[in-house]
Amino acid sequence: MLFCLFYRNLLYVYPQSLNFANRQGSARNITVKVQFMFGEDPSNAMPVIFGKSSCAECSKEAYTAVVYHNRSPDFHEEIKIKLPATLTDHHHLLFTFYHVSCQQKQNTPLETPVGYTWIPMLQNGRLKTGQFCLPVSLEKPPQAYSVLSPEVPLPGMKWVDNHKGVFNVEIIAVSTIHTQDPYLDKFFALVHALDEHMFPVRIGDMRIMENNLENELKGSISALNSSQLEPVVRFLHLLLDKLILLVVRPPIIAGQIVNLGQASFEAMASIVNRLHKNLEGNQDQHGRNSLLTSYIYYVFRLPNTSSNSPSPGPGGLGGSVHYATMARSAIRPASLNLNRSRSLSNSNPDISGTPTSPDDEVRSIIGSKATDRSCNRMSSHTETSSFLQTLTGRLPTKKLFHEELALQWVVCSGSVREAALQQAWFFFELMVKSMVHHLYFADKLDAPRKNRFPERFMDDIAALVSTIASDIVSRFQKDTEMIERLNTSLAFFLNDLLSVMDRGFVFMLIKAYYKQSSGFSTNVQDQKIANMFELSVPFRQQHYLAGLVLTELAVILDPDADGLFGLHKKVISMVHNLLSSHDSDPRYSDPQVKARVATLYLPLIGVIMESVPQLYDFTESHNQRGRPSCTAAEDYESEGGSMISQTVAMAIAGTSVPQLTRPSSFLLTSSTTRQHSTFSAESSRNLLICLLWVLKNADEGVLQKWFTDLSVLQLNRLLDLLYLCVSCFEYKGKKVFERMNSLTFKKSKDMRAKLEEAILGSIGARQEMVRRSRGQLERSPSGSAFGSQENLRWRKDMTHWRQNTEKLDKSHKPTRSRAEIEHEALIDGNLATEANLIILDTLEVIVQTVSVTESKESILGGVLKVLLHSMACNQSALYLQHCFATQRALVSKFPELLFEEETEQCADLCLRLLRHCSSSISTIRSHASASLYLLMRQNFEIGNNFARVKMQVTMSLSSLVGTSQNFNEEFLRRSLKTILTYAEEDLELRETTFPDQVQDLVFNLHMILSDTVKMKEHQEDPEMLIDLMYRIAKGYQNSPDLRLTWLQNMAGKHSERSNHAESAQCLVHSAALVAEYLSMLEDRKYLPVGCVTFQNISSNVLEESAVSDDVVSPDEEGICSGKYFTEAGLVGLLEQAAASFSMAGMYEAVNEVYKILIPIHEANRDAKKLATIHGKLQEAFSKIVHQDGKRMFGTYFRVGFYGTKFGDLDEQEFVYKEPAITKLAEISHRLEGFYGERFGEDVVEVIKDSNPVDKCKLDANKAYIQITYVEPYFDTYEMKDRITYFDKNYNLRRFMYCTPFTLDGRAHGELHEQFKRKTILTTSHAFPYIKTRINVIHKEEIILTPIEVAIEDMQKKTQELAFATHQDPADPKMLQMVLQGSVGTTVNQGPLEVAQVFLSEIPNDPKLFRHHNKLRLCFKDFTKRCEDALRKNKSLIGPDQKEYQRELERNYHRLKEALQPLINRKIPQLYKAVLPAACHRSF
């Protein structure tokens, strides 16, 4: 639907068909010539027909295509004609029909005219268009034919087919001149007749006389509602201008004044309503149609102002200017930034700059669009100049449009009133612009406001506001959306009136509205409001509007106000917008003036303090559990099943470094009241920024007095608010904005996918309806329309500046450039700094206020929490400098606060200062170093010892290096050097022990840093990393808190690598450490007495014994103060250990852990816990039974490192514990690959054999690794206790591997030459341990002679036979395989050859007698086992294997016969004197 933006006056002619079937004569090859004529003469054809691409631009005629040999042809041409601006009765279209000859004959033209017809362009003054079926004349038309229609039977003319219609043609006009609507034509014709005073008026067949003009005019105005929408849109501005003229200048008809105001108002209301209903897609977010806003903005002006008259108004603005309206911009923001560079007018956000005086605002509105009018939408209409002048037939006295509009609106009723209410914004904005123009042209802008408008007009306005307020109240529940729009329109109208009318009168209107609307919007209890400290009755009387706004805010935010929660977003935005406009107003730039303005909003602090439980919890990023809670000791038990917390195992120091949570006082109200709905992040942020604006600009003295009167509870609540503000305005960094940008892509992609689903029909209407209804229920805490879209972080329709920055990339997705993201991050950083500086100023005011009161301790603790929280967040260097200065002053003024009361916060402060000591910015480092040094000095001066700070700094550094990802070791070393310099140059304390203690501390910190650096270097080497952590933990042997923390860190590392047995050992060691110190603190019989109790679980735990001389006493303050050094902590550690043992499959160890736990729960009568434990024990023992023979705990390898490239590992030997079924090739490949990447593949070499390494023969530039498979080794006496598979794989300290050799250097030789070397390794601790590799501390070698090797081999074979024979259930395949290896023909030379080599002759050396006899007995046992195995096999085989059985028996008998003489030969000497047996052992 095209609005008249440009001049256009075109005619399209479509010849369709012709029927010459009944025409006599030759007329077969027919074409039609079309001409636009302004007279009857052939020369009167006008060159207005647009030519085709290959022709001239315009021509006088156009032809249709010839249809060969067809007397009834169809045509398909379009002929485009440029209509003259002015048409007369003689303008017409002439159609001439020709027969075209195919062959030219002599003296005969090619084209022979065969008929004529025409269409007059005007009929009764209207353009003639549409579908026509015209008769065709055989002769040329007579003179003066153009004023008649061809349907008229002209005398003496011959017609085709007896004057029937034989030619079909369609005519369409596209024109900004001709309305082509009868209702609009009639209305414009009548108005024109009034303007020109031309009577009678001829409209079609009607002839309207002057005495009948009134009724016709009123009927024509009423009939406008029946006109088509398209012409109404095209001629909207002219139509509205004419209607407004009829309202302001009632015509005189037949000597009588005709009041057409009511009829015109009704027509306007109807037209505006039709546009809104039919053009819904052409509206802004306020529901305003863009055609109507453009009319008010660019076109409308009072009809009584001449366009040529000079302006009498101030400023010298010319009268030819078209002035701006008071209309709202289509992108009026719901909220404005406090610190933006542009300021906006209160009533019109399109106007830049706020006026410096009240009436300058009006002048600014009038002149805001005093620019080029070349784009004026009505510039093409010639009627405009005459329309705006005093015309004949008009009343000489002039009515004012705004007065008439208000009057007609007040008196209207029924459907007209309903239509006006539906689009109230249009009439309000029209009225305001009319009022401003009137003041300007009447030169009343400098007149007193009370004298600007007559009383009757003000009464009409009051009546109008009153009736609309009544409608809002009565219809709110029935038509919420419409009433909400009406309420918004009325609010903007009243806002605009404040710039134009007497403000006292407007305040009365607001009061009247508020009184009427309070019934539905707020249930105000006067008594309750009167008792509120901040919003007292005198305050609300003195500051009416501010009091009204804050009262509404307080009531809507009240958590007990049912049904009002959905309004909170609107009321918060309202306050936010108000403060934004104040902040950007240059009139309030002076700090004293701004302080006066802030005084109006001081009650806002109290209102927000009451809403603390409802605010969004911005601290969640620091605290994963959301709102903080005081976790009791027993609460830990419920978490016992989980592994070590990732919060650094309570800050690597193992101490109670407080978590970064909101202070416990935050829940002062929510703990006692019911659960309230929580505001969105956006609403909470807006509310908090309002709080900070008031705190920043309010007078410090006023704040101090108010803080003095507040109770401790209220001050703590204010501190909670400030704590929340720190988290809310923390700087997030560029990456967050970039991530948000990428999320926008994802969102647009999701929307595209949904659209495709809908188009392809993969989602049915029913599913879509269900999905939407669910989404509707989930969109906000309440079902109210006011609460919609609460979960959106950014709303494009509410941030006009963002819309301008949105662009489209190639895939049509909104994105922002790098420069825009950086600018946004810069703004966010500046806001974070500003907000935190305001918070810091407020904290200092609070400290000054409470420093002289008795309850200062609890308040100062809260101040310190906020201060520490701000240090923990991302802050600018500027803020941190001021923050450190405040912190130093606080510690200096109240040292007992940190060192006696807030001890946990002292540890937190040490951690924060150390973190900033490692900053890359030198200014921050110097301030942090100074703060840390002064903290030590203060502590030393109080008690001549700074043991606490020393311990907490050490613990904090441990925490820092264990958790911080961006921790910089070099910068921290510089800061430590600065602290050392401070101590050396401190003249006052030079003679004390303080400098030496600082030096000791710094040295200790350097050691921690060195270990940390090594840990980072070996991050990819799990064994080395665990070794370093083990070394650090061992270094803290006398500091239980730190050792516990590092043990837990090791447990976490083991869990990550699925080394559950080692993780369990770390937890057992932790529990043993806790038990050792608990036994010193508490004498409870049911608790373990110390490490000794844990011996059955692991023999290694004795190293946790606190028997050293320099063990600290747990009674000292700050020692063993962590949550684990309690009974609940011990239980938690043991439960976690049991869980880890269970995951490792070591169920026997689970039983040993629960043996320690059960007495504790029995003493506490905790039946529930006991039931759980016994259930887990049953499960553990069941698994032992079911998994018998199926469990595998680990494989062990000896690994030796040789070469200087290994550093500390050079010439070190370890036993590695690897996962079960790890082959030698696997660990060899892993270690070779790892060290190959580190040193270079050509540098690392694996030694393939297990022989002793001679380092002199190795290349000094290479790194050698020797890897050997080892097995657990037990002495004979140990085997009595190590019965089960678990026994043989737990608490292992000795391992063995064998190396075959011969005396001449070969590895293998003949039986009589084959020696064997057994190497037994002893480790420093028993496996499983808190490490997966343990140093070898002792090596023992046993050399076996050839006969001893033979004895071992035969014993092994005999054991295999015995196992296969007595296996239950029997395994025939296994039995036959062992038998085949013992008596089979292919291998029977094996045992037989051994016997022949060693038993054929009695040895000469008496020392070998016993070996000879032992081997003989071994063979005797071997033959017996073979016989038993054959008997067993015979009972198991089927008929098909009887021959195989007989073959085995024959082989056995042959072997037995061959062995018989050898095994029966005894050595006589053995039965005479017993010779001492000797083993050839070398160590």
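Here the structure is a predicted model, which is why all the values come from computation and not from measurement. In this chain, numbering begins with 1 at the start of the sequence shown.
- Between L407 and R456, the closest side-chain pair of non-hydrogen atoms is not below 4.5 Å.
- Within the model, atoms CG of L490 and CD1 of I510 stand 9.5 Å from one another, a figure rounded to the nearest 0.5 Å.
- The nearest pair of heavy atoms linking R449 to M501 is NH1-O, 2.7 Å.
- Between the K433 side chain and the F300 main chain, a donor and an acceptor come within less than 3.5 Å of each other.
- E403 places none of its side-chain heavy atoms less than 4.5 Å from the side chain of H438.
- A heavy-atom distance below 4.5 Å is found between the side chains of V233 and L279.
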| task | Would you sort out whether S270 and E266 count as a side chain to side chain contact (heavy atoms under 4.5 Å, CB included), showing the intermediate values? | result | CA-CA 6 Å; S270 174; E266 291 176 3; over 6 Å; no
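- Ionic pairing of E418 and R475 is present here: one or more N-O contacts between side-chain nitrogen and carboxylate oxygen are shorter than 4.0 angstrom.
- No side-chain donor-acceptor contact under 3.5 Å links S434 to the backbone of L430.
- Using modelled atom types and a 3.5 Å distance limit, the side chains of Y601 and H582 yield a donor-acceptor pair.
- N273 and Q422 share no donor-acceptor pair across their side chains, judged by distance under 3.5 Å alone.
- Rounded to the nearest 0.5 Å, atoms CG (D502) and CG (L497) are 11.0 Å apart.
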| said: Apply side chain to side chain contact (heavy atoms under 4.5 Å, CB included) to residues L224 and L243 and explain how you reach the verdict. | reply: CA-CA 11 Å; L224 288 174; L243 289 172; 4.2 Å; yes
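- Distance alone, capped at 3.5 Å, places no donor-acceptor pair between the R288 side chain and the F426 backbone.
- Between D471 and R417, at least one side-chain nitrogen of the basic residue sits less than 4.0 Å from a carboxylate oxygen of the acidic one, meeting the salt-bridge criterion.
- Residues F453 and V500 are in side-chain contact: their nearest non-hydrogen atoms beyond the backbone lie under 4.5 Å apart.
- Note that CD1 of I461 is 15.5 Å distant from CE of M508, once rounded to the nearest 0.5 Å.
- Atom CG of L578 and atom CE of M574 lie 6.5 Å apart (nearest 0.5 Å).
- The aromatic rings of F441 and H437 stand perpendicular to each other, their planes meeting at an angle above 60°, with 30° marking the opposite boundary.
- At least one donor-acceptor pair under 3.5 Å links the side chain of R452 to the backbone N or O of L445.
- Remark: the D583 side chain and the Y588 side chain contain no N/O donor-acceptor pair separated by less than 3.5 Å.
- Residues Y297 and E429 bring no donor and acceptor atom of their side chains to less than 3.5 Å of each other.
- For the residue pair N487/Y513, the side-chain donor-acceptor check at 3.5 Å is satisfied.
- Panel note: side chain T293, backbone S290; a donor-acceptor pair is recorded below 3.5 Å.
- Between L498 and F507, some side-chain heavy-atom pair lies under the 4.5 Å cut-off.
- Using a 4.5 Å heavy-atom threshold, the side chains of D459 and V410 count as separate.
- Without hydrogens or angle criteria, T467 side chain to A463 main chain gives a donor-acceptor distance under 3.5 Å.
- Between F265 and F427, the ring planes lie tilted relative to each other; the angle falls in the 30° to 60° range.
- Under the 4.5 Å side-chain criterion, counting only non-hydrogen atoms from C-beta, L494 is not in contact with F428.
- Across all their heavy atoms, L600 and A546 have their closest contact at O-CB, 4.0 Å.
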